[in-house]
Amino acid sequence: MQKDLFKATGRGMLAGVPAAFAFLSFKDLDKDGSIANLVADLSLPTTPVSDVHKQWVCDNTVSFLELSAFDRFIPGSLMSPEAGIDYISSTLILMHPFSYGSVHISASEPTAVPAIDHNYLDNEIDVRILLKGYKLLREIYKTSPLKEHIVTEVNPGAEIQTDADLTEYIRRTLGTTFHPIGTASMLPRKDGGVVDSRLKVYGTQNLRVVDASIIPIHLSAHLQGTLYAIAEKAADLIKEDVQC
């Protein structure tokens, strides 16, 4: 009904969608298996989740890349919007990068800023995934009915076509999407875990952590829904302990 209304009048729920999101598995991007073959031979840092990370490449239910589209200009690119121009902005979010960074204590003072090395795009596989994502985005914008609403690509621009140029653009514009997790992971203590399966901090009697920091590996979705579930589970655990 809403689709018919939009087609007939340009009004209704579909006329007011501010953003759209798509989550793609590794195979959605790597149809010829060329990147997957590289992952199979990849040596990752030894962590409790690195083996799982590689296994997800072959799992069609796990999203590796998020594509988004917004009905406005999104700040943070290499240009500024022009007055009187309508924009559609898209982002690519690599949800499970193969480049591993690090966080270390930098001083004995507990309030000191830690030493953080994001190590973005250190692994060439991440670049290859993002390159395929960019090419897919361009295909989408050149496909009806969306293409009828596009006048021109302004960023990175039609002149940016080669893999080398696109890679340079990706490296210059890369940023974080602010979905931090994992600083108090639910893992065995021997693997660097901070909380147990009842969300209690190891070595304490009744101190729990209930937030995104307990998630040891990134989700294939936005965090909000999972955090609601974690909070509900924590409430049940607390009530169980009180009843005992």
Side-chain angles (χ1 to χ4, degrees), residues 21-30 33-67 91-106 114-130 132-133 174-204 207-234 237:
F21 304 91
F23 296 87
L24 306 181
S25 72
F26 201 92
K27 288 186 177 180
D28 289 329
L29 293 164
D30 186 39
S34 59
I35 304 179
N37 290 335
L38 296 175
V39 173
D41 298 328
L42 184 64
S43 295
L44 293 175
T46 302
T47 74
V49 298
S50 56
D51 287 341
V52 174
H53 193 176
K54 293 180 71 172
Q55 292 168 11
W56 280 356
V57 168
C58 300
D59 190 338
N60 286 336
T61 67
V62 176
S63 299
F64 256 80
L65 193 69
E66 177 185 343
L67 277 62
T91 59
L92 292 172
I93 301 173
L94 180 55
M95 308 186 80
H96 303 294
F98 289 96
S99 300
Y100 282 37
S102 62
V103 180
H104 294 288
I105 295 172
S106 62
I116 301 175
D117 179 8
H118 298 100
N119 213 23
Y120 293 144
L121 302 185
D122 176 67
N123 195 307
E124 183 65 21
I125 288 175
D126 292 343
V127 177
R128 291 184 178 226
I129 295 172
L130 290 170
K132 290 206 173 190
L174 189 76
T176 178
T177 51
F178 304 102
H179 289 181
I181 64 160
T183 51
S185 291
M186 181 195 294
L187 286 170
R189 195 171 187 177
K190 64 181 177 61
D191 293 328
V194 175
V195 300
D196 61 20
S197 61
R198 298 188 67 81
L199 305 184
K200 288 185 179 180
V201 176
Y202 290 117
T204 70
L207 175 63
R208 285 184 168 90
V209 177
V210 185
D211 58 27
S213 67
I214 71 165
I215 304 172
I217 188 170
H218 241 302
L219 308 177
S220 292
H222 295 176
L223 298 176
Q224 185 174 0
T226 300
L227 292 180
Y228 288 155
I230 289 173
E232 289 285 352
K233 181 64 176 179
L237 293 174

Can you list everything that forms a side chain to side chain contact (heavy atoms under 4.5 Å, CB included) with [X]? Sequence neighbours excluded, please.
X    : answer
S34  : D30, D32, K132
V194 : A184, V201
E124 : V127, R128, R171
P180 : none

Using atom types as modelled, flag every donor-acceptor pair under 3.5 Å from a side chain in residues 36-47 to any protein atom, sequence neighbours excluded.
from : atom 1 : to  : atom 2 : distance (Å)
N37  : ND2    : G33 : O      : 3.2
T47  : OG1    : V49 : N      : 3.3
T47  : OG1    : S50 : N      : 3.0

Suppose the criterion is side-chain hydrogen bond (donor to acceptor under 3.5 Å, both in side chains): which pairs have a residue in residues 218-234, not counting sequence neighbours?
E66-H222, H96-S220, Q224-Y228
With side-chain hydrogen bond (donor to acceptor under 3.5 Å, both in side chains) as the rule and sequence neighbours excluded, what pairs involving residues 175-190 come up?
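Qualifying pairs: none.
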Taking all non-hydrogen atoms of both residues into account, name the closest pair between G101 and N119 and its distance.
CA-CB, 3.8 Å
Set of side-chain hydrogen bond (donor to acceptor under 3.5 Å, both in side chains) partners for [X], sequence neighbours left out:
X    : value
D28  : S25
D59  : T61
Y120 : none
S213 : D211

Qualifying salt bridge (Lys or Arg N to Asp or Glu O under 4.0 Å) pairs with a residue from residues 212-225, counting only residues at least two apart or across chains:
none
Any side-chain heavy-atom pair of N123 and Y100 under 4.5 Å:
no
